[in-house]
Protein chains: 2
Amino acid sequence: MLEDKNNEKTSLEKLGEFGLIDHLTKYFTINHKSTIKGVGDDAAVLDFKNKKTVLSTDLLIEGIHFDLSYMPLKHLGYKAVMVNISDVYAMNAKATQITVSIAVSNRFPLEAIEELYAGIALACKTYNVDMIGGDTTSSNKGMLISVTALGEAEEKDITYRSGAKPNDLLVVTGDLGGAYMGLQVLEREKEVFKVNPNNQPDLEPYSYIVERQLKPEARKDMVELLRKLDVKPTSMIDISDGLSSEILHLCKNSKVGCHLYENKIPLDPTVINSCEEFKMDSTTVALSGGEDYELLFTIDQADFPKIKGNPNLTVIGHMTDAEGGANLVTRADTLIPLTAQGWNSFQGS
Amino acid sequence: MLEDKNNEKTSLEKLGEFGLIDHLTKYFTINHKSTIKGVGDDAAVLDFKNKKTVLSTDLLIEGIHFDLSYMPLKHLGYKAVMVNISDVYAMNAKATQITVSIAVSNRFPLEAIEELYAGIALACKTYNVDMIGGDTTSSNKGMLISVTALGEAEEKDITYRSGAKPNDLLVVTGDLGGAYMGLQVLEREKEVFKVNPNNQPDLEPYSYIVERQLKPEARKDMVELLRKLDVKPTSMIDISDGLSSEILHLCKNSKVGCHLYENKIPLDPTVINSCEEFKMDSTTVALSGGEDYELLFTIDQADFPKIKGNPNLTVIGHMTDAEGGANLVTRADTLIPLTAQGWNSFQGS
């Protein structure tokens, strides 16, 4: 559907809700045995047999969570799925189904919605997730997307936020701060564009961090890697609001403290360079930036040999007794209490 | 929380997202064994064992689906749950869990959100449904609610839209058109209020239809009644968009036609009286009004003696071969093809 060079726009009003649903759902296929009935009845019907069902949901709202002036609709659709299935992977589960509800104002023609669904369909295909339902409606302002993701897991494999013990190692996948610095670059280019619409931005030096912002990938591969390495995390969470906020969640739910080592936080060179350019502190960016969708987890020290040397997994600290609190151990070897400065949509940041 | 007479308003900005979630979720309890983990981790964890999982989702948007000038927030919360669990009952399943996501602009103080959640909590309690998660965020305009409802059923009990056969009887629960006429009354009073804000409307004569609009009840009782009567519908759907639209869904999915008898459509006297007052045709209102949240289903003729004479169940027609199409048999005994004139949010009706 992305090949359509026809410039005529189709109004949603003409198509109606059922027409739109019929039109959009034909791009999706059902692949999981657990999906008995997807789109097309009052409700979807699923069968997880002896496995547990895992379920998470998120709202994404134009002007709050995304800016269509630099977020292509296809990327937005893809990211909306990632944000949700990332929560399923954070339970150490396999993502299997999603529902997608959208509300759009009349300013969006059918072709725009098709772009959005092309991204959703790509995410479903890449991550092997069935689209099983949703709702489409008009809004009186802008666009919003509500995604619910389902997954399945054996009871023994599920990781909660609450299982960390003192002396467990704190591990993070990938690197941090990229999505936030990508956002800084995009926001700057938006301002430049406002002043000079003919200016062609050169985003090439920033391609890694811009992609981290616009097309994040959920860490399905890391859940599979951990299984292959025979490591079951004692606790796990995904990094949506920033490392600091997520560590505090693990500490609170597991009733433990933490030592996080500043010099261990994995940063891509592009993040370090852009932090210098924007005069920002890279540790602060990693701690509070958010939207990295990496996995943060704790493991028993006995499992350390299994993950040692793996380039995707970085030990960034260890858990302590609750009394010690959650602390950053700085490069100067001083302890600073971690505070949640993650993103809060109720403060017009 | 409804007893709070303190008039000071608390801003959501001050509370933040996690504070708001903590504050709101403490009013909910978990009652189902299938809920292993509700709010408080990356995802909820459920265990439906050998039963099938049923799932449905809906978006409700201020200015499109509800008008806060006459819809109290507590009623809105209650209705948002009803709209969704109604879809679960339409599968002949038991509603067990919901997730609720909301986006609200800064114009809503905490106390308003508490009212909304009081309605959600009342619905959860009345219908024995666990609140297991959701998302809260700010919006740049108005309020929106996204609810996902889950249920469970034995495979043999599930009713799809696709099982109706020619000669099956078409049955509806309760009566129709009330919610739509209630909306007409409320819209009229809103106009009167605009002209004269001191006017005190007397809604007493309209209490039944106003309640049908503001506080609909999903027909859990009818699913239970059918089980007690040992009747398994061959197909079922809930009436959200109007009788006509839902009959066409059953016909299309079951590949059958239908004779719907105009003189059999159950109408409450208040609906008939208000239709006369508003100079509207009561059949049209029942066919296209929507929001009644009654159940429409088909049964094998052999099951007729089981439902005969039950005041909650009305046989309104029978299914035919697909060739005959879906038709209304008027009081004058003429056939008129049914058309879907249900509500379409993309047309600014």
Side-chain angles (χ1 to χ4, degrees), chain A residues 12-13 15-18 20 36-37 40-50 52-59 61 63-65 87-88 90-91 93 99 101 103 132-135 137-142 144 146 148-151 155 158 160-162 236-238 253 340 344-347, chain B residues 12-13 15-18 20 36-37 40-50 52-59 61 63-65 87-88 90-91 93 99 101 103 132-135 137-142 144 146 148-151 155 158 160-162 236-238 253 340 344-347:
Chain A
L12 296 179
E13 197 172 318
L15 207 60
E17 182 178 345
F18 298 123
L20 180 61
I36 298 177
K37 174 77 186 177
D41 215 297
D42 291 79
V45 180
L46 308 169
D47 184 4
F48 293 106
K49 298 196 186 288
N50 53 343
K52 303 291 169 279
T53 309
V54 162
L55 180 144
S56 180
T57 188
D58 269 301
L59 268 181
I61 296 177
I64 308 283
H65 301 98
D87 282 320
V88 172
M91 304 301 288
T99 65
S101 295
I132 58 160
D135 193 11
T137 181
S138 64
S139 82
N140 37 29
K141 190 180 175 194
L144 74 94
S146 173
T148 297
L150 292 115
E155 182 159 27
I158 296 177
Y160 294 96
R161 296 178 178 178
S162 54
M236 186 147 68
I237 191 169
D238 78 324
N253 284 277
N344 177 358
S345 79
F346 290 110
Q347 291 161 354
Chain B
L12 295 180
E13 198 171 317
L15 206 62
E17 183 177 345
F18 298 125
L20 180 61
I36 298 177
K37 175 78 187 176
D41 215 297
D42 290 80
V45 180
L46 307 170
D47 184 5
F48 293 107
K49 299 200 186 284
N50 54 343
K52 302 291 169 279
T53 309
V54 162
L55 180 145
S56 179
T57 187
D58 269 301
L59 268 182
I61 296 176
I64 307 284
H65 300 98
D87 282 321
V88 171
M91 303 302 287
T99 66
S101 296
I132 57 159
D135 193 11
T137 182
S138 64
S139 82
N140 38 29
K141 191 181 173 192
L144 74 92
S146 173
T148 296
L150 293 114
E155 182 159 28
I158 297 177
Y160 294 97
R161 296 178 177 177
S162 54
M236 187 146 68
I237 191 169
D238 79 324
N253 284 276
N344 177 357
S345 79
F346 291 110
Q347 290 162 353

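Below, chains carry the letters A, B, ... as their sequence lines are ordered, and counting in each starts from 1.
Using a 4.5 Å cut-off between heavy atoms, T57(B) touches chain A through backbone and side chain atoms alike. Only the side chain of I61(B) comes within contact range of chain A, with at least one heavy atom under 4.5 Å from a heavy atom of that chain. For D238(B), the parts sitting under 4.5 Å from any heavy atom of chain A are the backbone and the side chain alike. For K52(A), the parts sitting under 4.5 Å from any heavy atom of chain B are the backbone and the side chain alike. Contacts between N253(A) and chain B at a heavy-atom distance below 4.5 Å involve the side chain alone, from C-beta outward.
By the 4.5 Å heavy-atom criterion applied to side chains, Y160(A) and V45(B) are counted as neighbours. Side-chain atoms of I158(B) and I36(A), non-hydrogen and from C-beta on, never get closer than 4.5 Å to each other.
Across all non-hydrogen atoms, the minimal contact from R161(B) to D41(A) is N-OD2, 2.7 Å. Closest of all the heavy-atom pairs between H65(B) and T137(A) is CE1-OG1, 3.0 Å. Between D42(B) and M236(A), the closest heavy-atom pair is OD1-O, 3.6 Å.
To the nearest 0.5 angstrom, T99(B) atom OG1 is 6.0 Å from L55(A) atom CG. In this structure, L46(B) CG and L46(A) CG are separated by 11.0 Å, a value rounded to the nearest 0.5 Å.
S146(B) and S101(A) form no side-chain donor-acceptor contact under 3.5 Å, judged by distance and modelled atom types alone.
When each of D47(A), V54(A), L59(A) is checked for heavy-atom pairs under 4.5 Å with chain B, L59(A) comes out on top. Across S162(B), G40(B), G142(B), G133(B), the residue that shares the most heavy-atom pairs under 4.5 angstrom with chain A is G40(B).
When the side-chain hydrogen bond (donor to acceptor under 3.5 Å, both in side chains) test is applied to K37(A), no partner is found at least two apart in sequence or on another chain. Listed by chain and residue number, nothing satisfies the side-chain hydrogen bond (donor to acceptor under 3.5 Å, both in side chains) test with T53(A) (two or more places apart in sequence, or in another chain).
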